[in-house]
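No hydrogens, no waters, no symmetry mates; every other heavy atom, side chains included, goes into these values.
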Amino acid sequence: MQTDLADFIRDTPQGREADAILRKCVHCGFCTATCPTYQLLGDELDGPRGRIYLIKQALEGAPVTAKTRLHLDRCLTCRACESTCPSGVQYGRLADIGRAVVEERVPRGAWERLRRSALAFALPRTRLFAVLLWLGQRVRFLMPRLVPAPAAAAGIWPAARHSRRMLVLAGCVQPVLAPRINAAAARVLDRAGVSLVEPPGAGCCGALRFHLNDQEAGRADMRARIDAWWPYVERGAVEAIVVTASGCGSTIKEYGHYLAHDPEYRDKAARVAALARDLSEVVPPVPGAARGRVAFQSPCSLQHGQQIRGKVEALLAQAGYELTPVAEPHLCCGSAGTYSILQPALAAQLRTRKLAALQDRAPEAIATANIGCLTHLQGEAQVPVRHWIEFLDRD
């Protein structure tokens with residue numbers, strides 16, 4: 001694709017990156033076949049190829065409107081298009097650049113700004129989120145599908161007794177919504193001779209505010225996580241940074257990219273990104289007898305963001321679970337961070353479609369690898385939805 005970027009961005013790091021990405025796109029259209037929003041809406045501008053064209057126009061200085069922003073807002077950033085693209089177009093990175101430009105040039109209305117600001121303020125603050133959720137659960141009978149039920153207790157976290165040690169991201173909403181996930185991971189790894197260490201203080205990986213287009217605040221969250229981990233990393237006290245939420249893992253593995261132009265943090269960010277591992281990459285097989293039928297929902301952040309496929313399914317099968325077939329496994333469930341809150345109609349349609357595929361072969365439960373997907377699917381699922389590590393956490 002030929003480009004002629006405008007002066008305001010041409011010679012900036014973002015402009016050079018966008019130009020290189022745009023020039024890779026040959027507009028073949030393969031991406032539209034795997035784009036969830038194009039599948040639902042059938043609008044070229046609600047697919048990757050159309051959005052790339054909109055971003056190209058914006059970066060070349062053409063007028064942008066609220067309609068431009070709407071088409072970019074409707075994108076889930078699931079990155080299924082990246083898995084499909086034969087030219088290796090890094091659509092997710094281009095979308096980040098395009099959204100930042102459009103956000104600056106097309107101000108949002110007061111209500112929309114307030115809503116996004118509230119999400120950006122409350123969700124990354126674990127204690128505040130816990131209080132808000134507690135208040136919501138007091139009146140849950142009024143809106144049971146919108147407010148998650150109280151979480152199960154985390155259970156015992158084994159003492160750090162092994163020479164092999166790994167850090168784990170606490171996260172922001174996960175400690176409140178599902179504290180059992182990290183504790184279950186600690187127990188499974190403890191039995192494998194690895195101590196999982198969770199540094200004091202929960203915190204967001206940076207994805208939430210970054211993808212709400214408060215990109216500098218998102219980078220600040222990334223720096224905060226690096227600061228929390230760096231004492232362990234610097235002295236070589238841990239062999240990996242484990243992430244149990246695949247959405248966070250996808251972001252942390254790209255810290256080197258997000259902070260590439262920060263002279264103080266770029267080397268640290270690259271080191272942290274190199275140490276980051278999805279939980280499925282460090283958990284050894286746990287053989288077991290027949291345990292029942294499970295459908296696995298592979299989050300977009302796992303299969304498209306991290307390009308990890310088949311690992312969780314293999315671990316569940318080796319543990320004795322029968323994996324039921326799932327149609328259209330590449331399609332997003334509609335969670336996508338705050339997408340299910342900001343685009344509820346589209347998110348609900350995608351959830352209905354995903355649950356139909358997951359429950360088609362009558363599984364006894366649904367396993368997933370991301371807290372956002374878990375919470376989103378749980379609201380309408382007819383069977384329990386749990387993180388896959390909980391299926392391996394047994395005596």
* Do Arg165 and Val194 touch side chain to side chain, with heavy atoms closer than 4.5 Å? -> no
* **Side-chain ion pair, Glu103 and Arg69, N-O less than 4.0 Å** => no
* Asked: Cluster question for you: counting only ILVMFWY and a side-chain heavy-atom cut-off of under 4.5 Å, with indirect links fine, are Tyr232 and Val242 together?
  -> no
* So how far is it from Ser87 OG to Phe30 CZ, rounded to the nearest 0.5 Å? -> 9.0 Å
* **Residue pair Ile371 / Ala178: nearest heavy atoms and the distance that separates them** => CD1-CB, 3.7 Å
* Test item: Gln215 side-chain N/O and Asp96 main-chain N/O as donor-acceptor pair under 3.5 Å -> yes
* Structure fact -> When Leu189, Leu392, Val168, Val188 are each screened for side-chain contact (heavy atoms from CB on, under 4.5 Å) with Leu279, the one that passes is Leu189
* Could you tell me whether the side chains of Asn182 and Glu198 share a donor-acceptor contact shorter than 3.5 Å? => yes
* Using the rule that two of Ile, Leu, Val, Met, Phe, Trp, Tyr join whenever any of their side-chain heavy atoms come within less than 4.5 Å, decide whether Ile181 and Val197 are in one cluster. => no
* **Asp19 bridged to Arg10 by N-O distance under 4.0 Å** => no
* Which pair of non-hydrogen atoms, one from His376 and one from Arg351, has the smallest distance, and what is that distance? -> O-NH1, 2.8 Å
* Basic-acidic side-chain contact under 4.0 Å: Asp190, Arg161 -> yes
* Before accepting this row, confirm whether a basic side-chain N of the pair Asp73/Arg116 lies closer than 4.0 Å to the acidic partner's carboxylate O. => yes
* Asked: Taking everything shown except Arg127 itself, do over 12 heavy atoms lie less than 6.0 Å from its CZ?
  -> no
* **Trace of the side chain to side chain donor-acceptor pair (under 3.5 Å) decision for Ser335 with Ser340** => CA-CA 5 Å; Ser335 173; Ser340 60; 4.8 Å; no
* To do: Look only at the side chain of Tyr339 and the backbone of Arg74, and say whether a donor-acceptor pair between them is shorter than 3.5 Å.
  => yes
* Would you say Asp221 and Phe210 make side-chain contact, with heavy atoms under 4.5 Å? -> no
* Would you give the length of the straight line joining atom CG of Leu323 to atom CG of Leu315, rounded to the nearest 0.5 angstrom? => 10.5 Å
* Any side-chain heavy-atom pair of Leu169 and Cys205 under 4.5 Å -> yes
* Begin with the C-alpha distance, continue with both residues' side-chain angles, and end with the deciding distance and a verdict on side chain to side chain contact (heavy atoms under 4.5 Å, CB included) for Ser280 and Ile308. => CA-CA 9 Å; Ser280 65; Ile308 295 175; 4.0 Å; yes
* Sub-4.5 Å side-chain heavy-atom contact between Tyr38 and Cys31 -> no
* Asked: Are Leu208 and Leu133 linked, directly or through other ILVMFWY residues, by side chains that come within less than 4.5 angstrom of each other?
  -> yes
* **Pairwise distance CG(Leu342) to NE2(His211) - rounded to 0.5 angstrom** => 13.0 Å
* To do: Give the C-alpha distance, both sets of side-chain angles, the deciding distance and a yes or no for side chain to side chain contact (heavy atoms under 4.5 Å, CB included) between Arg219 and Asp262.
  => CA-CA 10 Å; Arg219 289 191 178 94; Asp262 183 329; over 6 Å; no
* Asked: Taking NZ, NE, NH1 and NH2 as the nitrogens, is one of them in Glu254 or Arg79 under 4.0 Å from a carboxylate oxygen of the other?
  -> yes
* Consider only side-chain N and O atoms of Gln307 and Arg309, and report whether a donor and an acceptor are under 3.5 Å apart. => yes
* Ring-face cation contact, Trp111 with Arg113, 6.0 Å cut, 45° max -> no
* Closest approach of Cys78 to Pro36 (non-hydrogen atoms, all atoms of both residues) -> SG-CD, 3.7 Å
* Asked: What heavy-atom pair brings Arg51 and His71 nearest, and what distance separates the two atoms?
  -> NE-O, 2.7 Å
* Under 3.5 Å, is there a donor-acceptor pair linking the side chains of Ser83 and His304? -> yes
* With a 4.5 Å limit on heavy-atom distance, are the side chains of Arg271 and Trp230 in contact? -> yes
* To do: Go through the steps for Cys81 and Cys35 under the test side chain to side chain contact (heavy atoms under 4.5 Å, CB included), then give the verdict.
  => CA-CA 6 Å; Cys81 53; Cys35 174; 5.9 Å; no
* Asked: Would you call Glu239 and Arg164 a salt bridge, using N to O less than 4.0 angstrom?
  -> yes
* To do: Check whether any side-chain heavy atom of Ile241 sits under 4.5 Å from a side-chain heavy atom of Val233, and report yes or no.
  => yes
* Taking every non-hydrogen atom, the tightest pair across Cys332 and Leu350 -> O-CB, 3.9 Å
* Please tell me if the side chains of Trp229 and Pro199 come closer than 4.5 Å, counting only heavy atoms from C-beta onward. => yes
* Asked: Between the side chains of Asp227 and Tyr265, is a donor N or O closer than 3.5 angstrom to an acceptor N or O?
  -> yes
* To do: Using a strict cut-off of less than 4.0 Å between a Lys/Arg side-chain nitrogen and an Asp/Glu carboxylate oxygen, indicate whether Asp393 and Arg180 qualify as a salt bridge.
  => yes
* To do: Without swapping roles, check the side chain of Gln14 against the backbone of Ile97 for a donor-acceptor pair under 3.5 Å.
  => no
* State plainly whether the residues Lys311 and Glu281 are in salt-bridge range, i.e. N to O under 4.0 Å. => no
* Do the side chain of Thr12 and the main chain of Ile9 share a donor and acceptor less than 3.5 angstrom apart? -> yes
* Less than 4.5 Å apart, any side-chain heavy atom of Phe8 and any of Val101? -> yes
* Using ring pair (Phe, Tyr, Trp, His ring centres under 6.0 Å) as the criterion, list what pairs up with Tyr321, not counting sequence neighbours. => Phe391
* Is it the case that one hydrophobic cluster holds both Met222 and Leu212, taking links as side-chain heavy atoms less than 4.5 Å apart, direct or via other members? -> no
* Asked: Going through the checks in order, is the side chain to side chain donor-acceptor pair (under 3.5 Å) test met by Thr251 and Arg225?
  -> CA-CA 12 Å; Thr251 296; Arg225 296 288 67 71; over 6 Å; no
* Report yes or no: do Val312 and Val282 belong to one cluster of Ile/Leu/Val/Met/Phe/Trp/Tyr joined by side chain heavy-atom distances under 4.5 Å? => yes
* Is there a donor in the side chain of Asn370 and an acceptor in the side chain of Thr368, or the other way round, less than 3.5 Å apart? -> no
* Okay, side chain of Arg187, backbone of Trp157: is any donor-acceptor separation there less than 3.5 Å? -> no
* Structure fact -> Between the OG atom in Ser298 and the CD atom in Glu313, the distance rounded to the nearest 0.5 Å is 6.0 Å
* To do: Answer yes if the side chains of Ser246 and Ser301 hold a donor-acceptor pair under 3.5 Å, and no otherwise.
  => yes
* Asked: Do Thr338 and Arg209 get their side chains close enough for a donor-acceptor pair, meaning under 3.5 Å?
  -> no
* Structure fact -> Minimal heavy-atom distance between Gly171 and Pro175, with the atoms involved, is O-CG, 3.7 Å
* How far does SG of Cys300 sit from CG of Leu331, to the nearest 0.5 angstrom? -> 8.0 Å
* Any luck finding a side-chain donor-acceptor pair between Gln174 and Thr244 under 3.5 Å? -> yes
* Asked: With distance as the sole criterion, is a donor-acceptor pair present between the side chains of Lys354 and Gln297 under 3.5 Å?
  -> no
* **His162 (side chain) donor-acceptor with Ala192 (main chain) under 3.5 angstrom** => no
* Cationic N near anionic O, under 4.0 Å, Arg293 to Glu322 -> yes
* To do: First locate atom CG of Asp46, then atom OG1 of Thr32, and finally report the distance between them rounded to the nearest 0.5 Å.
  => 12.5 Å
